[in-house]
4 protein chains.
Amino acid sequence: METYRVCFADTDAAGIVYHARYFEMAERSRNAALRSVGLPSSELVRRARQGDGAGLVVHRGTATFASPAFPDDLLVLRTEILKHNAARSWWRTTLTRDDVLICTIDVELVCIDAMTGQPRLIPDDLKEAIGKIATQETSARAPLELAEP
Amino acid sequence: METYRVCFADTDAAGIVYHARYFEMAERSRNAALRSVGLPSSELVRRARQGDGAGLVVHRGTATFASPAFPDDLLVLRTEILKHNAARSWWRTTLTRDDVLICTIDVELVCIDAMTGQPRLIPDDLKEAIGKIATQETSARAPLELAEP
Amino acid sequence: METYRVCFADTDAAGIVYHARYFEMAERSRNAALRSVGLPSSELVRRARQGDGAGLVVHRGTATFASPAFPDDLLVLRTEILKHNAARSWWRTTLTRDDVLICTIDVELVCIDAMTGQPRLIPDDLKEAIGKIATQETSARAPLELAEP
Amino acid sequence: METYRVCFADTDAAGIVYHARYFEMAERSRNAALRSVGLPSSELVRRARQGDGAGLVVHRGTATFASPAFPDDLLVLRTEILKHNAARSWWRTTLTRDDVLICTIDVELVCIDAMTGQPRLIPDDLKEAIGKIATQETSARAPLELAEP
């Protein structure tokens, strides 16, 4: 679980958070999940620079918006892995404010070779990290409440 | 059809366009489509300031990535409306580079009252504009070629 | 003092944080400073919606870069007010990583009427908040060390 | 001279373009200037990938804001080089809307080795490109008119 404070840079002229910015917040939350199981994104970058790299890139991403967020809102981000196999993983990040659902971001990540950009199998330690996140307890969290229309 | 030149601000440390930035490009293309049928987004903003406003906000958005884009790439954006009703519209923006598919952005837009943020019916002239875009000929364009893996 | 974790969205194809993104981080730090003295930006937004609003907008901003930052870096942000008067304030945000200077962001903020966009005097409570930040002790912090070339 | 259409992604909850986004627009204009003299940024990226790279990075950047810009505004960007030497160059981008000055972005670019990130002399063809831009006629353009307060 991470928190994120909305700043003006996140918002648009409609006065609410711009839809694409939620994907950035979800990236932060996925990075935090990987860091929490011992594999910070900096380690993946370090290996890539040494020519031995695997990267996780977004193949498909979907955001579903339930309620708008505003400047200065403190959002809570929770990330879980829904499914994973030898080459792909499906992640869900849920953003809430005071237990009210703001939006859900689902992404399918594919593993690529950092030099060639071609798909490859997920390396062992990254696979292990993904497995650890996938088995973390998420059911304990409070059920989300939809904002009143 | 619009073109968009990728700048460094669009890219990330993996050397390719950051996934969330494609949603911004799709917004540009939808705005251009509305402008081309006589309803620029500035007109919607002007009305909203006068308290008589309707806005189109993204309720759900999905990006599917076929091939990466790089700094300085010249992308071609084509937007079409797949479906629409009294309150919602479904838009697709396709981004290509030299007729190779880069990604597809699908969004479902809902109409809201600009003051209250509550859902409302699409006002007549906006509905008419959406209808015009929905009936534009899109079949004439060249079939997209998937990048070689 | 705030911390900020660099994500891929902050970086560009050169592998480092994109220069414009530091201005967003500085905004976060200024917001946090205002919040710490009892005037969160949400309060300014709330008043603006009620037609009684004053906003602080950037009139001039300068970033000076000392050393690059990379994905996953944990940056420390410190904001101070260098000077202020009835209508303007000059803020400095210093970003460091492990006490190495990354960059300095200086902005001159002007107070505007949120409805008309015209310059106005800073309202009393905002002026008081700015005064509190301006007198906070900043000398206690460790002297910054420039990165080895 | 380039044009740029403001989209909602460029704006913030104050209803105007967010200050940091102007730095992105200025980057577009500098890229266009380099492309116009035969050195697109993609060429610099290509060389960097081959280990023979020089990059231009922002050492210092200043934005001065004269008048706000709004969603759907069509901005005109003009970039000139004020000064340059063997390792550095000073660029100015002026953004206008209907000949009214919106803002001026000044950046000092330093040349770095793309592998090590260390400062280096500007390679010959890049130096030549910078020289060409620096001598382009800019005086012919209409004098800028400041927005009425």
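Everything numeric in this text was worked out from a predicted model, so none of it was measured. Below, chains carry the letters A, B, ... as their sequence lines are ordered, and counting in each starts from 1.
Contacts between residues 9-19 of chain A and chain C, defined by a heavy-atom separation under 4.5 Å, are made by A:Ala9, A:Asp10, A:Gly15.
Contacts of C:Arg46 with chain A are absent, with no heavy-atom separation under 4.5 Å from either backbone or side chain.
The number of heavy-atom neighbours closer than 6.0 Å to CZ of A:Arg120, taken from other residues, nucleotides and ligands shown, is above 12.
Across all non-hydrogen atoms, the minimal contact from C:Ser42 to A:Pro71 is CB-O, 3.9 Å. Between A:Arg28 and C:Arg5, the closest heavy-atom pair is NH1-O, 3.1 Å.
Chain A forms more heavy-atom pairs under 4.5 Å with one residue of C:Glu43, C:Glu27, C:Glu24 than with any other, namely C:Glu27.
Not a single donor-acceptor pair under 3.5 Å links the side chain of A:Arg35 to the backbone N or O of C:Asp72.
Side-chain contact between C:Val57 and A:Phe8: absent, with no pair of heavy atoms (C-beta onward) separated by less than 4.5 Å.
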